[in-house]
Amino acid sequence: SGSDTTGDGSFSHPWKTPRYAINTAGYSWSTGSPVLVDSNITIFLRDGTYYLDTSLYIGSNRGHNGKWTTLAAYPGEYPTLDGGNLTQKFSCIIIIDSASYIDINGLNLQNLTNDSTLTTVVGGDTVKDTRYGIQVAGACSHITIENNDLYNMKWTRDTTKAKNPEPNDVLSAITVLGNSNTPVSGLYISNNTIHNIVSGYAEGMTVNGNVDSFTIIGNEVYDVANIGICAAGNYKWVLQQYPSLLKANNQSRNGLIKDNSVYRCISPVATSAGIYLDGSLNVTVKGNECYN
């Protein structure tokens, strides 16, 4: 019931859309140009379902002043971000791109599917549409993803194909891809629930590429049609799609995967597992419960 025209982001006069709030909150126009104020900013989403028409994009303008930007549920309420209306290729519900000091806290993210009619040619190869509930990419630092519920996401809209993915049919609820030579660092993924994900050859949650220092703790991951949690590295496709990334940097490393509950993560076509270390380095895995 808010307004992006007459609202001011206050409790009594809220904005209407999360996208407008993300683009507007915390800026001062006193000098004629937008300048981030010198304080932490929290954007509260009130109860209800927000049907997105484009990805919620959080870019490098956030965090360069060393202050946190938090996108959170209003206390005691359960807002939902719905990706069912996203039509753009490579759409995500939330994209965090080369931003710092970002906290995504207490939100429901639902209803996301790839669109098989959308393809891109990269280096002579045809790349299918891929989508993610939350994507962290670029030179990010101090990223926290906590207390969210991500569910009902599928790599295909054709239910007859769901059990027959090809290796490049992928969708993840949370994916982190360090695709620049400045690593993603200070990554903290905590107390999220990920479930009912038809991920193809991807995983429920993935940390891949140039990521240095991460913690995945206290999450519940279940009913994923492939691996639950993956820390990866040295994938050739990352270097093919991001040729400026040095081979030596193409590896997630120095991580902790602790106290997660992972179950019923079973692929119809590939070897699957609860927790998978696939080319990562110096990762400690302890206190987790994996079954079925």
Side-chain angles (χ1 to χ4, degrees), residues 1-86 91-112 132-136 140-153 173-174 186-194 218-219:
S1 60
S3 172
D4 291 342
T5 303
T6 61
D8 58 14
S10 64
F11 183 88
S12 56
H13 297 94
W15 293 309
K16 185 176 182 65
T17 64
R19 179 176 61 182
Y20 190 87
I22 288 169
N23 292 338
T24 307
Y27 277 96
S28 169
W29 292 82
S30 60
T31 62
S33 300
V35 177
L36 280 173
V37 299
D38 189 29
S39 65
N40 298 324
I41 297 297
T42 299
I43 301 167
F44 286 115
L45 298 188
R46 299 300 306 273
D47 219 355
T49 301
Y50 298 82
Y51 295 95
L52 305 180
D53 55 359
T54 60
S55 302
L56 296 182
Y57 182 85
I58 302 173
S60 59
N61 57 316
R62 291 288 178 182
H64 62 74
N65 60 347
K67 302 298 182 179
W68 283 89
T69 298
T70 298
L71 184 64
Y74 190 81
E77 298 184 0
Y78 303 95
T80 297
L81 300 174
D82 190 292
N85 293 337
L86 294 173
S91 290
C92 305
I93 294 178
I94 298 174
I95 298 174
I96 303 171
D97 181 10
S98 298
S100 299
Y101 298 99
I102 303 298
D103 186 357
I104 307 298
N105 191 338
L107 307 180
N108 299 323
L109 285 75
Q110 68 175 14
N111 296 344
L112 189 67
Y132 308 104
I134 299 175
Q135 181 186 43
V136 180
C140 290
S141 67
H142 301 92
I143 305 297
T144 297
I145 301 170
E146 56 184 342
N147 306 316
N148 303 286
D149 190 1
L150 301 95
Y151 53 92
N152 194 25
M153 301 181 186
I174 298 175
L187 174 69
Y188 191 79
I189 302 176
S190 171
N191 294 317
N192 301 282
T193 304
I194 294 174
N219 301 279

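Computation of the quantities below employed the complete heavy-atom set of this structure, encompassing side-chain atoms and omitting hydrogens, waters and symmetry-equivalent molecules. Computed from a predicted model, the values in this text were never measured in an experiment.
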(request) Could you tell me whether a side-chain N or O of T42 sits under 3.5 Å from a main-chain N or O of T70, the two making a donor and an acceptor? (result) no

(message) Quick one, I104 and I58 - any side-chain contact, counting heavy atoms below 4.5 Å?
(response) yes

(request) Taking S55 for its side chain and Y57 for its backbone only, find out whether a donor-acceptor pair lies under 3.5 Å. (result) no

(request) Evaluate the ring planes of F11 and Y74, with Trp represented by its six-membered ring, and classify them as parallel (under 30°), tilted (30 to 60°) or perpendicular (over 60°). (result) tilted

(request) Sort and list the pairs that fulfil salt bridge (Lys or Arg N to Asp or Glu O under 4.0 Å) and have at least one residue in residues 17-42, not counting sequence neighbours. (result) R19-D53, D38-K67

(request) Determine, stepwise, if the pair I22 / L71 fulfils side-chain contact (heavy atoms from CB on, under 4.5 Å). (result) CA-CA 8 Å; I22 288 169; L71 184 64; 4.1 Å; yes

(request) Can you measure from OG (S60) to CG (D97) and round to the nearest 0.5 angstrom? (result) 7.0 Å

(request) Please check if any side-chain donor atom of Y78 sits under 3.5 Å from a side-chain acceptor atom of N108, or the reverse. (result) no

(message) If you compare all heavy atoms of A73 against all heavy atoms of F44, which two are closest, and at what distance to 0.1 Å?
(response) O-CD2, 3.6 Å

(request) Look at the side chain of N40 and the backbone N and O of W68, then say whether any donor-acceptor pair between them is shorter than 3.5 Å. (result) yes

(request) Would you check if P18 and I43 make a side-chain contact, meaning some heavy-atom pair closer than 4.5 Å? (result) no

(message) Could you report the tightest heavy-atom contact between H13 and S10, atom names first, then the distance?
(response) N-OG, 3.0 Å

(request) Say whether, by atom type as modelled, one donor and one acceptor occur between the side chain of N219 and the main chain of I194 under 3.5 angstrom. (result) no

(request) If a pair satisfies salt bridge (Lys or Arg N to Asp or Glu O under 4.0 Å) and one of its residues is in residues 74-86, list it, with sequence neighbours excluded. (result) R46-E77

(request) Give, for atom CG of L107 and atom CG of L45, the distance between the pair rounded to the nearest 0.5 Å. (result) 5.5 Å

(message) What I'd like to find out is whether the side chain of D4 reaches to under 4.5 Å of the side chain of K16, using heavy atoms alone.
(response) yes

(request) Locate the shortest heavy-atom distance separating A25 from I41; write the atom from each residue and the value. (result) CB-CG2, 4.0 Å

(message) Can you confirm whether I94 sits close enough to I145 that some side-chain heavy atom of one is under 4.5 Å from a side-chain heavy atom of the other?
(response) no

(request) Taking all non-hydrogen atoms of both residues into account, name the closest pair between S98 and C140 and its distance. (result) N-SG, 3.3 Å

(request) Rounded to the nearest 0.5 Å, what's the gap from CG on N192 to CG on N105? Could you check? (result) 9.0 Å

(message) Once rounded to the nearest 0.5 Å, what's the spacing between atom CG of L36 and atom OG of S28?
(response) 10.0 Å

(request) To the nearest 0.5 angstrom, please state how far the OH atom of Y50 sits from the CG atom of N85. (result) 15.5 Å

(request) Kindly give the heavy-atom pair with the smallest separation between Y101 and G66, and that separation in Å. (result) CE1-CA, 3.7 Å

(message) According to salt bridge (Lys or Arg N to Asp or Glu O under 4.0 Å), who are the partners of D8, at least two apart in sequence or on a separate chain?
(response) none

(request) Ignoring hydrogens and angles, tell me if any N or O in the side chain of N23 forms a donor-acceptor pair with the backbone of A21 under 3.5 Å. (result) no

(request) Could you check Q110 against T49 for side-chain contact (heavy atoms from CB on, under 4.5 Å), going step by step and ending with a plain yes or no? (result) CA-CA 10 Å; Q110 68 175 14; T49 301; 4.3 Å; yes

(message) A side-chain contact here means heavy atoms from C-beta on lying under 4.5 Å apart; do N61 and Y27 qualify?
(response) yes

(request) Any chance you could measure L81, atom CG, to L109, atom CG, to the nearest 0.5 Å? (result) 5.0 Å

